[in-house]
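Following: one structure in structure tokens, then a few remarks.
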There are 2 protein chains.
Amino acid sequence: MNSEQDFLSAYDPRAYAPVAVTVDVVALTVRDGELQVLLIERGEHPFAGRYALPGGFVRDEPLETAARRELAEETELDRVHLEQLGTFGDPGRDPRMRVVSVAYLAFAPSMPDPASGGDAASAAWVPVAQARELAFDHDAILAAGLERVRAKLEYTPLATAFVGPEFTIAELRAVYAAVWGEDLHAGNFHRKVLSVPGFVESTGTTTERGGERGGPKPRLYRAGDARLLHPALLRPAREADIR
Amino acid sequence: MNSEQDFLSAYDPRAYAPVAVTVDVVALTVRDGELQVLLIERGEHPFAGRYALPGGFVRDEPLETAARRELAEETELDRVHLEQLGTFGDPGRDPRMRVVSVAYLAFAPSMPDPASGGDAASAAWVPVAQARELAFDHDAILAAGLERVRAKLEYTPLATAFVGPEFTIAELRAVYAAVWGEDLHAGNFHRKVLSVPGFVESTGTTTERGGERGGPKPRLYRAGDARLLHPALLRPAREADIR
DNA sequence: TTGAGATTAACTCGCTCTGAGAAGAACTAT
DNA sequence: ATAGTTCTTCTCAGAGCGAGTTAATCTCAA
């Protein structure tokens, strides 16, 4: 933005090759004990018939507004936690033209199938393990989203975004187990969640019934006011992650 | 990207208002015990005379290549650590037109003043505490970069990117002190750095001379092969950060 | 109705990690 | 030489964590 040419070209963008800006959304939820992602089956070329992340062109609006709009077009997701994930703009990632896509990450409690309600009949929640060979570079975007959510569970109260407004410790533990793909020690998890200041706060009530397979009525909690977990809730270190 | 209109417009981008894509770089270094950022004094409107982050338009190249190119235009920074920070695209952030800017974060060891060598006579390293009222929304971009670097020092070996290929534990500690803005307990820091697997590895040598103000010749270390610090090197929790 | 099995919630125990402080050795500047 | 600084190691008490145990509670099936 320093040379005169740059300055002038800012007033005549057609001096440069046209670039399109889109948003793509990695919307995650935990259903049936699995981490699932919202995908769209593409009807048109390129990548017709392949699954893709929901997304579309950015209009005269902030980027996050565009992400929220695209998400609303596919589901009735409301009050979801939304954060920017990263931007993917390699030349050639879209065969038609240069497309720079700003990816967003959304977290939602378990919802009914979008196919029944949304106007996009081709939208579906898919377990992340089965979400492969997506259109464009969406495999890489999804992988970045999964890495992000796994890391953020450690040091933020993000898990509460995957459950309803009132939840049990066991429901919270199920979120961690689904996202991390490994079971957690129930007793230690319980102690840890209650000991981190501001993670959860008690409602003073319990569920109406015990668990489906027995056990006492668990107590209900709300999300607390913490933005960071101190100390963090660390998952066991894996050598492969460290090196 | 589902309606026919979207599909067609992808072949005729002028159906939408033109959008420019730029990169901006938050280049950080530690000089004189302070965290400093590379800034450019703008010569032209808008924001003439104000400082701004180095940046420019993206050409037919990957985004990271554009960031590296813009950085090279202002300094002789070589082999710097570069990572994507975030994308800033609010309408109105550039008064001329819609500009979506992908911000990158760069970390470099202490370097001579860019004014002496670079072709941009107006480039300068500025202590981050004095980098205020920048052009466009660069205050917000810089703030995001500072938050990122402070957090990443905790759980990655990023501090080694701020020092030379061989360094002392005290130099590493000075990086932490400069970035976090608080002194660290020398003994505990020493124990911690050496105990985290893969953070640093010994060269078996020491410096030629002791410190400027006395003390024995410190041992020299290289960066290790760890990508993550386990256990992390946490800074003391501040209540303001948590809530 | 009763028993088997599962779950919640709380506790114990040993180990590791951390913060704070201390101390000896090594080195520079005066 | 002396004073002051720094490097490096050590100690000690407290906090946190993984693993295991236990009592109470509840569902489901016999």
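To find a chain, count down the sequence lines: A is the first, B the second, and so on, and within it residues start at 1.
- Atom pair A:Leu220:CG and C:dT8:P shows a separation of 12 Å (rounding to whole Å applied).
- Put simply, NZ on A:Lys217 is 14 Å from C1' on C:dT7, counting in whole angstrom units.
- Checking the phosphate oxygens (OP1, OP2) of C:dC27, no side-chain nitrogen or oxygen of B:Arg209 falls inside 4.0 Å.
- Look at B:Arg213 and you won't find any side-chain N or O under 4.0 angstrom from OP1 or OP2 of C:dT28.
- We find that CG of A:Leu194 is positioned 11 Å from C1' of C:dA10, with the value rounded to whole Å.
- Just one of A:Val37, A:Leu134, A:Ile40 meets the side-chain contact (heavy atoms from CB on, under 4.5 Å) condition when paired with A:Tyr51; it is A:Leu134.
- The environment of B:Asp225 atom CG is dense: over 12 non-hydrogen atoms of other residues, nucleotides or ligands sit within 6.0 angstrom.
- The CD-P distance, from A:Glu212 to D:dA29, rounds to 11 Å in whole Å.
- Within 6.0 Å of CZ in A:Arg243 there are more than 12 heavy atoms belonging to other residues, nucleotides or ligands.
- Between A:His185 and D:dG18, a side-chain N or O to OP1/OP2 separation shorter than 4.0 Å is absent.
- Following rounding to the nearest Å, A:Glu208 (CD) and D:dT27 (P) show an atom-to-atom distance of 11 Å.
- Rounding to whole angstrom units, CD of residue A:Glu182 and C1' of D:dG18 are separated by 13 Å.
- As a whole-Å value, the separation of B:Ile169 CD1 from D:dT6 C1' is 14 Å.
- Of the two residues near DNA chain C, B:Lys192 and A:Pro216, the one whose nearest nucleotide lies more 5' is A:Pro216.
- Sparse packing is recorded around CD of A:Glu147, with 12 or fewer heavy atoms of other residues, nucleotides or ligands lying under 6.0 Å away.
- Scanning atom types as modelled, no donor and acceptor separated by under 3.5 angstrom connect the side chain of A:Arg191 and the base of D:dG16.
- A:Ala170 comes within 4.0 angstrom of the backbone, heavy atoms only, and of no base.
- Sequence order on DNA chain D of the closest nucleotides to A:Asn188 and A:Gly215 puts A:Asn188 first from the 5' end.
- Listed in residue order, the members of residues 228-239 of chain B having a heavy atom less than 4.0 Å from DNA chain D come to none.
- Between the P atom of C:dA20 and the CG atom of B:Asp183 lies a distance of 13 Å, rounded to the nearest Å.
- Enclosure of atom CG in A:Asp139 by more than 12 non-hydrogen atoms of other residues, nucleotides or ligands within 6.0 angstrom is indicated.
- Applying ring-ring contact (aromatic ring centres under 6.0 Å, His included) to B:Phe162 and the options B:Phe167, B:Tyr176, B:Phe107 leaves one that passes, B:Phe107.
- Between B:Arg219 and D:dT9, a side-chain N or O to OP1/OP2 separation shorter than 4.0 Å is present.
- Under a cut-off of 6.0 angstrom, the local environment of CZ in B:Arg238 is sparse, with at most 12 non-hydrogen atoms contributed by other residues, nucleotides or ligands.
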